[in-house]
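Whatever order the structure lists them in is the order used to number ligands and atoms, beginning at 1. Since the model is a prediction, treat every value here as computed from it, not as a measurement. Positions are given from 1, in the same order as the sequence printed here. All values below were derived from every heavy atom in this structure, side-chain atoms included, with hydrogens, water molecules and symmetry-related copies excluded.
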Amino acid sequence: MHGGIRAPARRAASTLGGGRGFGYRCLMADHGVLLLGRTFGFRADPFLVPPEEAIEWRERGAVLMRGGLIEAAGEADALIVAHPQARRVDCGRRILAAGFVDCHNHYPQTRIIASWGARLIDWLNRYTFPEEMRFGDPAYAAAVAEDYLDLLLANGITAASAYCTTHPESVDALFAAAERRGMAMTAGKVMMDRNAPEGLIDDAQRGHDESAALIARWRGRGRLAYAITPRFAPTSSPAQLEAAGALFAANPDCAMQTHLSEQTEEIAWVRRLYPEEADYLAVYERFGLVRPGAIMGHAIHLEPREKAALAQRGAAVAHCPTSNAFIGSGLCDVAGLKAAGVEVGLATDVGGGSSFSMLATMRAAYEIGQLRGAALHPAQLFWLATEGSARAMRRPELGRLAPGAAADIVALDPETTPVLAQRAARAESPSDLLFALLILGDDRAVAETWAGGVAMKGGFG
Ligand code: GUN
Ligand code: ZN
């Protein structure tokens with residue numbers, strides 16, 4: 001991690017909606033905390049209105065956090081007058097924005113990020129599956145979960161939808177760690193009953209029963225949500241996908257996450273495994289897995305029918321641009337998906353993705369857009385990384401710098417490295433500044449991360 005900053009892990013959790021408080025924060029919560037700085041949010045989806053009109057920017061803005069929520073956002077002068085007793089935290093010229101939401105990643109792949117030279121199936125067999133085998137050990141799972149959450153917070157990611165492994169222990173470790181930190185985490189046990197090592201697979205019944213037990217144990221606890229997680233069609237038998245569909249039908253408030261049309265070899269494999277289906281998405285449709293709450297990772301090589309069906313059925317796509325470049329998967333048509341009415345969020349896909357930084361992930365999304373001939377506007381990139389991902393996860397309380405939303409906030413500093421500072425000094429508009437930040441920034445540009453109103457990185461109170 002740059003700068004030796006380590007997130008203050010294992011802090012008492014705050015619960016959204018003003019649940020139990022701990023220690024001094026009980027006292028502080030009476031009047032709230034007023035963050036002062038430049039504020040950046042959205043009035044509208046910048047894919048639906050001209051992006052510049054979607055931006056809500058205040059040079060002297062403020063955000064009042066109380067009870068784990070954003071109570072007010074507006075002009076600093078007005079909020080100081082309205083809330084004279086609130087504790088003030090002056091963030092200077094740093095940019096206060098919604099915390100990043102990463103709608104698809106794999107916490108058990110934290111230790112194998114940046115593994116060389118393989119395409120998807122080979123990468124899974126060579127690096128991923130051997131590492132995931134270790135997560136039956138609760139101590140190992142707990143250690144990686146802590147490092148993973150530290151890395152998320154260091155990068156301003158306050159919420160994520162995470163894959164665990166087939167081991168229920170891996171889910172318990174992540175949820176316990178996230179609950180202690182008061183973080184909004186959606187996660188689930190990978191269901192996988194074929195085409196993977198013996199020690200890593202479950203079976204249709206066990207995958208169902210273990211998932212059901214985890215849902216019963218964790219759903220609705222603190223800020224946690226459960227995602228039914230069949231890895232992808234090649235590693236689940238029809239019986240297992242049917243069990244996943246039954247779970248989703250019985251628990252419609254859960255998310256469902258899987259992978260779709262990431263690489264051409266994978267698509268050919270699915271065609272061989274499910275020759276009776278018209279295309280890849282049809283496999284998931286057959287088992288009731290394509291509907292609101294479904295998050296499809298990647299979705300690069302789609303047929304027109306699949307694109308239309310995603311929109312019509314209300315399933316979302318997690319765009320994973322660093323991963324798509326790193327594993328050589330292809331160029332996702334984000335603008336086309338949005339134009340077709342598909343919900344799209346932005347995701348690191350660590351460890352297929354090559355960075356925990358959502359700034360780097362936005363940069364990769366921009367570059368992939370450029371390679372497709374569609375330059376995404378910085379407002380569109382930040383929106384995908386916040387509200388877009390929150391919508392994909394069906395968690396409307398996340399990803400917005402607005403009253404009523406969770407107090408998950410970042411303070412971004414565009415003066416942390418010489419190259420960024422000199423470019424920021426030349427910025428001609430808020431969106432020009434945001435663009436320089438996402439192209440040149442990394443975790444050093446994240447000065448502070450608040451999760452549920454609690455400062456987790458250590459730069460500011
Ligand atoms: N498809 C199935 N499993 C995975 C995974 O772990 N990472 C990526 N990038 N693609 C997958
Ligand atoms: Zn993935």
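- The aromatic rings of Phe100 and Phe382 are tilted relative to each other, their planes meeting at an angle between 30° and 60°.
- The closest approach between any non-hydrogen atom of Glu266 and ligand 1 is not below 4.0 Å.
- Looking only at atom types and distance, the side chain of Thr235 has no donor-acceptor partner in the side chain of Asn195 under 3.5 Å away.
- The aromatic rings of Tyr107 and Phe135 sit perpendicular to each other, their planes meeting at more than 60°, with 30° as the lower class boundary.
- Near Phe232, with a cut-off below 4.0 Å to any heavy atom, the atoms of ligand 1 are 1 (N), 2 (C).
- Close N/O approach between Trp123 and ligand 1 is not found [any backbone or side-chain N/O within under 3.5 Å].
- Interface atoms of ligand 1 facing Leu120, defined by a heavy-atom separation under 4.0 Å, are 8 (C), 10 (N), 11 (C).
- Distance check for Cys320 against the Zn ion (ligand 2): none of its N/O/S atoms falls below 2.8 Å.
- Partner of His298 under the side-chain contact (heavy atoms from CB on, under 4.5 Å) criterion, out of His104, Glu266, Gln263: His104 alone.
- The existence of a salt bridge linking Glu262 and Arg119 is excluded, since no basic side-chain nitrogen approaches an acidic carboxylate oxygen closer than 4.0 Å.
- Ring-plane geometry between Trp57 and Phe40 is classed as tilted, the angle between the planes lying from 30 to 60 degrees on a 0 to 90 degree scale.
- Closest to atom 10 (N) of ligand 1 among all protein heavy atoms lies Glu262 OE1, 2.7 Å.
- Residue His106 approaches the Zn ion (ligand 2) most closely through its N/O/S atom NE2.
- Inter-residue side-chain proximity for Val190 and Cys164 is flagged as unmet; no heavy-atom pair is nearer than 4.5 Å.
- Between Trp383 and Phe47, the ring-plane angle classifies as perpendicular under the 30° and 60° cut-offs.
- The N, O or S atom of Asp349 lying closest to the Zn ion (ligand 2) is OD1.
- Geometry at the Zn ion (ligand 2): NE2/His104 and NE2/His259 form an angle of 100°, nearest 10 degrees.
- When Val350, Leu124, Asp349 are ranked by how near their heavy atoms come to atom 9 (N) of ligand 1, first place goes to Asp349.
- By the criterion of a heavy-atom distance under 4.0 Å, the side chain of His298, and not its backbone, is placed next to ligand 1.
- Considering only heavy atoms from C-beta on, Thr258 stays 4.5 Å or farther from Thr229 through its side chain.
- Short contacts between ligand 1 and His106, defined as distances under 4.0 Å to a heavy atom of the residue, involve ligand atoms 5 (C), 6 (O), 7 (N).
- In this structure, atom 3 (N) of ligand 1 lies nearest to the protein heavy atom Arg231 NE, 2.8 Å.
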